[in-house]
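Below, read A as the first sequence line, B as the second, and so on, with proteins coming before strands; counting in each chain starts at 1.
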Amino acid sequence: MSIRTRFAPSPTGLLHIGGVRTALFCWLYARRHGGTFILRVEDTDRERSTPEAVQVILDGMQWLGLDADEGPFYQSRRYPRYREVIQQWLGEGKAYHCYCSKEELEAMRTAQLARKEKPRYDGRCRDRNEPREGVTPVVRFKNPADGAVIVDDAVHGKVVFQNVELDDLIIERSDGNPTYNFCVVVDDYDMKVSHVIRGDDHLNNTPRQMNMLRAMGVEPPVYAHLPMILGPDGTKLSKRHGAVSVLYYREEGYLPEALLNYLARLGWSHGDQEIFSLDEMTALFDIADVNKSASAINPDKLAWINQQHLMRLPPSQIAPELRWQLERLGIAVGESAPLEAVIEAQRERSKTLKEMAAASRFFFEAPAAYEDKSARKHLTAETAPVLEQTRASLAKLTEWTAAAIHGAIQALAEAGGLGLGKVAQPVRVAVSGGSVSPPIDQTLAILGREQTLERIDRAIEFARR
RNA sequence: GCUCCCAUCGUCUAGAGGCCUAGGACACAGCCCUCUCAAGGCUGGUACGAGGGUUCGAAUCCCUCUGGGAGCGCCA
């Protein structure tokens, strides 16, 4: 049997972290087994679905690299097919028209609640099929009245639902539009989905869907219900937690690999391993290793994982994202900018690319001003001579490499009986404007001789003022 | 209210009856390294929700409770 998974978001809100994790597991499972990953947009709610939200989903998936083999399919374009199935079921007696008014339904519900019962449609229109004056009917699926449905879930194990707990759900609204649970069934059937991997908030929908699938004459696919992802405070994920859309993580300077790695570790594990490349995840992922309990997002750990990926990925792969971040800060990055060297110098001191960009500004622009505290400590009348000696020594270097620069600075320190820091810190402030930068030799090597000398000159002037 | 799901350090997790005086990771603290900041290394504290069983033996199996969550819509 060929493996076919699908990610089926509805474009009503934003593509958030929970949705991405679901998409990732579907994608991983398909890739792992050489199967097919389908993207399906569930936009049957015409009131709340928006083209913008669809675009956010598409953009997000693309940024993450979760490429679909089939789709995107849009449910809104499949209405003829849904009608066809409904007509067929009506003809076969698997579905029926219901003429109950919303008021009638509401009264039924409140009465049941008052009796401490679970609110459910009692099926009164099942055998009462005569039209009612002025009422456009809905269509309901005739759910089995007794027996049980067993969901043999890949992560939860066997879950039993009694059919009496279920009711005859509406599959076509009075306005003629099909409803969610029904569309899912027709789509999963038509698209030959073999594994339905989704959030466990859908576990309760599953028996209904299985009953409908059986009405279509097929055995249901394998189901795997993933535990929920919660906000850092352990409550349901919401805008309040800042994670509006996946693209927000790009803006904040996270790598797709890192975000995916982090998300994979929420609910899934492979022994003690924390860092996974996409290829490793693909090779190792298995639904059997998914756990059942909800998990809270931990921003600190996400940041740590992001840095781990920054430190492992080839700089050439990171460079375009750093360039983007720099440009967002209004920094003019030339075509020939030494981005890869900057990445190598900065990545072990940056959690995100946004941080890295901010800390790297001085590589592209001379500092506009010196950080007050650093200047007062390191650009003074006492340090001016050190700066002058350093400048002279650096100017004489025959080759401009980190090793040569290091040698020169070390020699100066030794000659003056100073610690390396006494020489390096003033230079650091001179070239970067502050007291934090990568190792001074590496920093100057990237900066180039011209910029270095120019900035030291300016700093000497400042120190002597 | 009813149905269903879940339950190991603050957080993410390992653990599928003895390997557990419960391991790893993030975060936190201390130390080491050190030209700054980091990265890295070492050390430390903190967890099996409660109560009953089953068993020679339970974090692991069963039951009850408690706590959290989801669903019960002409939303998805």
Item to complete: Can you sort out the partners of A:Glu355 under salt bridge (Lys or Arg N to Asp or Glu O under 4.0 Å), two or more places apart, ordered by chain and number?
Response: none
Worksheet entry | Gap in Å between the two C1' atoms, one belonging to B:C48 and one to B:A58, rounded | 11 Å
Worksheet item: A:Leu169 versus A:Asn181: any side-chain heavy-atom pair under 4.5 Å?
Response: yes
Practice prompt. With heavy atoms under 4.0 Å as the rule, sort A:Asp43 into base, sugar-phosphate or nothing.
Written response: nothing
Item to complete: Sticking with atom C1', work out how far B:C37 lies from B:A76, rounded to a whole angstrom.
Response: 48 Å
Discussion item. Students often get this wrong, so: under 4.0 angstrom with heavy atoms, is A:Ser174 touching a base, only sugar-phosphate, or nothing?
Written reply: base
Item to complete: Can you tell me, in whole Å, how much space there is between the C1' of B:C32 and that of B:C19?
Response: 33 Å
Fill in: Residue pair A:Asn306 / A:Thr352, side-chain donor-acceptor N/O under 3.5 Å
no
Discussion item. Regarding B:C72, can its base be found pairing with the side chain of A:Arg120 as donor and acceptor, where the two atoms are less than 3.5 Å apart?
Written reply: no
Worksheet item: Side chain of A:Asn181: nearest nucleotide among B:C4, B:A76, B:U36?
Response: B:A76
Worksheet item: So which of residues 100-112 of chain A are in contact with RNA chain B, with a heavy-atom cut-off of under 4.0 Å?
Response: A:Cys100, A:Lys102, A:Arg109
Item to complete: In whole angstrom, give me the gap between the P atoms of B:G68 and B:U11.
Response: 15 Å
Worksheet, complete the sentence: Under a 4.0 Å heavy-atom criterion, the protein footprint on nucleotides 16-30 of chain B, written with B, S and -, is -------BBBBS---
Practice prompt. Kindly state which residues belonging to residues 307-315 of chain A come within less than 4.0 angstrom of RNA chain B, counting heavy atoms of the residue only, listed by number.
Written response: A:Gln307, A:Gln308, A:Met311
Discussion item. Taking B:U54 as the reference, what is the distance to B:A70 when you measure between their P atoms (whole Å, please)?
Written reply: 37 Å
Worksheet item: Hey, does A:His202 reach any base, or is it just sugar-phosphate, or nothing, if we go heavy atoms under 4.0 Å?
Response: base
Practice prompt. Give one of base, sugar-phosphate or nothing for A:Asn291, where a contact means two heavy atoms less than 4.0 Å apart.
Written response: sugar-phosphate
Discussion item. Counting the atoms with a prime plus P, OP1 and OP2 as sugar-phosphate, which does A:Gly419 contact under 4.0 Å by heavy atoms, base, sugar-phosphate, or nothing?
Written reply: nothing
Worksheet entry | Complement of B:G18, any strand, by Watson-Crick or G-U distances under 3.5 angstrom | B:C56
Practice prompt. Give me the ring orientation class for A:His270 and A:Trp268: parallel if the planes are under 30° apart, tilted from 30 to 60°, perpendicular past 60°.
Written response: parallel
Worksheet, complete the sentence: By the Watson-Crick or G-U definition, both distances under 3.5 Å, B:G40 is matched with B:C32
Worksheet item: Is any side-chain heavy atom of A:Pro207 closer than 4.5 Å to a side-chain heavy atom of A:Met210?
Response: no
Worksheet item: Parallel under 30°, tilted from 30 to 60°, perpendicular over 60°: which one fits the rings of A:Phe25 and A:Phe285?
Response: tilted
Practice prompt. Pick base, sugar-phosphate or nothing for A:Thr44, based on heavy-atom distances below 4.0 Å to the nucleic acid.
Written response: sugar-phosphate
Fill in: B:G15 and B:G24, which share atom name C1', separated by this distance in whole Å
12 Å
Discussion item. Whole angstroms only, please: what is the CZ-P distance between A:Phe276 and B:C12?
Written reply: 17 Å
Worksheet item: Checking all strands, does A:Pro9 fall into the base, sugar-phosphate, or nothing category for heavy-atom contacts under 4.0 angstrom?
Response: nothing
Worksheet, complete the sentence: When rounded to whole Å, the CD to P distance for the pair A:Glu371 and B:U36 reads 16 Å
Discussion item. Without decimals, in angstroms, what is the distance between A:Gln209 CD and B:A76 C1'?
Written reply: 11 Å
Discussion item. Reading RNA chain B from 5' onward, which residue's closest nucleotide shows up sooner: A:Gln75 or A:Asp201?
Written reply: A:Asp201
Practice prompt. Remember a base hit wins even if backbone is also touched, and classify A:Leu266 as base, sugar-phosphate or nothing at under 4.0 Å, heavy atoms.
Written response: sugar-phosphate
Worksheet entry | Residue pair A:Gln425 / A:Arg428, side-chain donor-acceptor N/O under 3.5 Å | yes
Worksheet item: If you measure from CD on A:Gln307 to NE2 on A:His309, what distance do you get to the nearest 0.5 Å?
Response: 11.5 Å
Response to the item:
To the nearest angstrom, the CD1-C1' distance between A:Ile229 and B:U13 comes to 14 Å
Worksheet item: Are the side chains of A:Asn143 and A:Met212 in touch, meaning some heavy atoms are under 4.5 Å apart?
Response: no
Worksheet item: Checking all strands, does A:Ser295 fall into the base, sugar-phosphate, or nothing category for heavy-atom contacts under 4.0 angstrom?
Response: sugar-phosphate
Discussion item. Donor-acceptor check, side chain of A:Arg140 to backbone of A:His97, threshold 3.5 angstrom: yes or no?
Written reply: no
Discussion item. Please give the distance between the C1' atoms of B:G10 and B:C20 as a whole number of Å.
Written reply: 22 Å
Fill in: Length of the line joining A:Tyr121:OH and B:C2:C1', which is rounded to integer Å
20 Å
Worksheet item: C1' atom, B:G69 versus B:G49: distance in rounded Å?
Response: 16 Å
Discussion item. Rounded to whole Å, how long is the line connecting atom NE2 of A:His225 with atom C1' of B:C6?
Written reply: 15 Å
Fill in: Residues within residues 142-162 of chain A bordering RNA chain B, heavy-atom distance below 4.0 Å
A:His156, A:Val159, A:Val160, A:Phe161
Worksheet entry | A:Trp89 ring center within less than 6.0 Å of A:Phe141 ring center | yes
Worksheet item: Given A:Phe73 and A:Val41, is the side-chain contact (heavy atoms from CB on, under 4.5 Å) satisfied, shown in steps?
Response: CA-CA 6 Å; A:Phe73 296 112; A:Val41 179; over 6 Å; no
Fill in: B:C74 pairs with, by Watson-Crick or G-U criteria that keep both distances under 3.5 Å
none
Worksheet, complete the sentence: Any strand, both distances under 3.5 Å, Watson-Crick or G-U wobble: B:C26 pairs with B:G10
Worksheet item: Would you say the side-chain atoms of A:Ser295 and A:Arg21 include a donor-acceptor pair closer than 3.5 Å?
Response: no
Worksheet item: Within this structure, what is the OH-to-P distance between A:Tyr180 and B:G71, rounded to whole angstrom?
Response: 11 Å
Discussion item. Listing request: all side chain to side chain donor-acceptor pair (under 3.5 Å) pairs with a residue in residues 403-416 of chain A, at least two apart in sequence or in separate chains.
Written reply: A:His406-A:Asp441
Worksheet entry | Nearest-nucleotide comparison on RNA chain B, the residue closer to the 5′ end among A:Glu348 and A:Tyr262 | A:Tyr262
Item to complete: Using a heavy-atom cut-off of under 4.0 Å over every strand shown, decide if A:Ser269 touches base, sugar-phosphate, or nothing.
Response: sugar-phosphate
Worksheet item: Below 4.0 angstrom, N of the basic side chain to O of the carboxylate: do A:Lys142 and A:Asp168 qualify?
Response: no
Item to complete: Examine distances only and state if a side-chain atom of A:Ser269 and a backbone atom of A:Gly271 form a donor-acceptor pair shorter than 3.5 Å.
Response: no
Worksheet item: Using purine N1 to pyrimidine N3 plus N6-O4 or O6-N4 for Watson-Crick, or N1-O2 and O6-N3 for G-U wobble, both under 3.5 Å, which nucleotide pairs with B:G51?
Response: B:C63
Worksheet entry | Salt-bridge present (A:Glu104, A:Arg124; N to O < 4.0 Å) | yes
Discussion item. What's the closest nucleotide to the side chain of A:Lys118 if the choices are B:C72, B:C4, B:C35?
Written reply: B:C72
Worksheet entry | Backbone N/O of A:Asp43 and side chain of A:Ser76: donor-acceptor pair under 3.5 Å | no
Item to complete: Whole angstrom is fine here: how far is it from CZ in A:Arg347 over to C1' in B:C37?
Response: 17 Å
Worksheet entry | B:U46: pairing nucleotide in any strand, Watson-Crick or G-U under 3.5 angstrom | none
